Amino acid sequence: MIDVERARALTPGVRKVAHLNNAGSALPSSAVLETTIDHLRLEAEIGGYEAAADAADRLDAVYTSAARLLNCAPGEIAILDSATRAWDLAFYSIRFEQGDRILTSKAEYASNFIAYLQAAQRFGVHVEVVPNDGLGQISVDALRDLVDERVRLISLTHIPTNGGLVNPAAEVGKVAKEAGALFLLDACQSVGQLPIDVGQLGCDLLSTTGRKYLRAPRGTGLLYVRNGVLDQLEPAFLDLRAARWLSRERYEVQPGARRFESWEYGVAARLGLGAAIDEALGWGLESIRDRVYTLAARLREQLEAVPGCRVRDQGAERCGIVTFTLDGVPADEIKAGLAARSINVSVSRAPSTLLDMTERGLVEVVRASVHYYNTTDELAELCRGLPTR
Ligand SMILES: *Cc1c(COP(=O)(O)O)cnc(C)c1O
């Protein structure tokens, strides 16, 4: 169980706002804040290279923490500056050939789908969208019927940006394994919100961000690359950190996932990411999930009681992202009205998840995403803050 009072005492932002935009960027804890600022200060005092040398052991420990979080080896982790960059580095390293098939889901994030379309233009790959089942999640049966030896990649968004759906990633992982296809999981909204075990999910590649449910500073992200698939990937970029220059003719890429990194990065933010991961592990991902799911279920219940309010979340398992519309009221008006009461929510619009929103006839939804430090009072305040017509 999460000690909510303690969690709030360790989160300075809760004194200013009811933050229900955790799927956008969660409030960092004081430990994350101090770790980050302390390093920036050290850089100013002794020099950036010198400060990094001073922090070498702690920087190394970030890989160990990330590996614990995802249940993999530290060498299978690359630390990057966003989920999108992590995802891109994985996707653009796949050696696609003409006629290869990419199978993906309805809930796909815009950036991912744009990359599939580019691959279709460049390499002549076929992009196919697996239908949903009756619950609005990817149909594993339909996926099983679609796979054949031409499927090079199964690429899935675990939790979409626009709703509470949790796609059955482990089931998809089993199908990918049987089919001998690469499995890339966009876990941007799930890491930090629920337990993630790359072995149990059966994914070869996984990307996530720091600033969302992990509560890390902005400008951080992680990529997991299973050791066994490194041979199938050709990093799109190599620099002097990703590879070593051996002679006039030769270079050698780094062992493991670090071949996807580059030399320069925000050291302070990375240390902050490490502190955020350690904190999440300290609370326990199961406890975090239980608290988040309970709060979200309660919020959905309360919203359903508001006249004209429709909860839009799908799936058998529903997570901390709660989306809704209010008949006749534009989402921006709802967001602005809540902001005036120091309640943060966000608006998710069709272009971010075009296939799903179009299919459901939605142009926008209000997104209230809860974290373990939120309270039931804040949920009630949100409902009270909705405009009435
Ligand atoms: C937010 C989000 C991303 C992008 O993450 P960045 O860190 O902004 O690159 C990717 N996929 C999903 C599902 C997201 O919600």
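Just so it is clear, the model here is predicted, and its values are computed rather than measured. Just so you know, ligand 1 is whichever comes first in the structure, and atom 1 is the first atom listed for that ligand.
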List, one per line, each side-chain donor-acceptor pair under 3.5 Å for residues 174-184, sequence neighbours excluded.
from: Lys174; atom 1: NZ; to: Glu171; atom 2: OE2; distance (Å): 3.3

Any pair counted as ring pair (Phe, Tyr, Trp, His ring centres under 6.0 Å), so long as it reaches residues 264-296, sequence neighbours left out:
Trp283-Tyr372
Arg41 with Asp38: basic N within carboxylate O range, under 4.0 Å
yes
Once the angle between the rings of Phe91 and Trp87 is folded into 0 to 90°, is it parallel (under 30°), tilted (30 to 60°) or perpendicular (over 60°)?
parallel
With no hydrogens and no angle check, is any side-chain donor or acceptor of Ser262 less than 3.5 Å from a backbone partner on Glu264?
no
So side chain to side chain donor-acceptor pair (under 3.5 Å) across residues 49-60, not counting sequence neighbours, yields none
At a 4.0 angstrom heavy-atom cut-off, ligand 1 is contacted by Ser82, Ala83, Thr84, Tyr109, Thr157, Ile159, Thr161, Asp186, Cys188, Gln189, Thr209, Arg211, Lys212
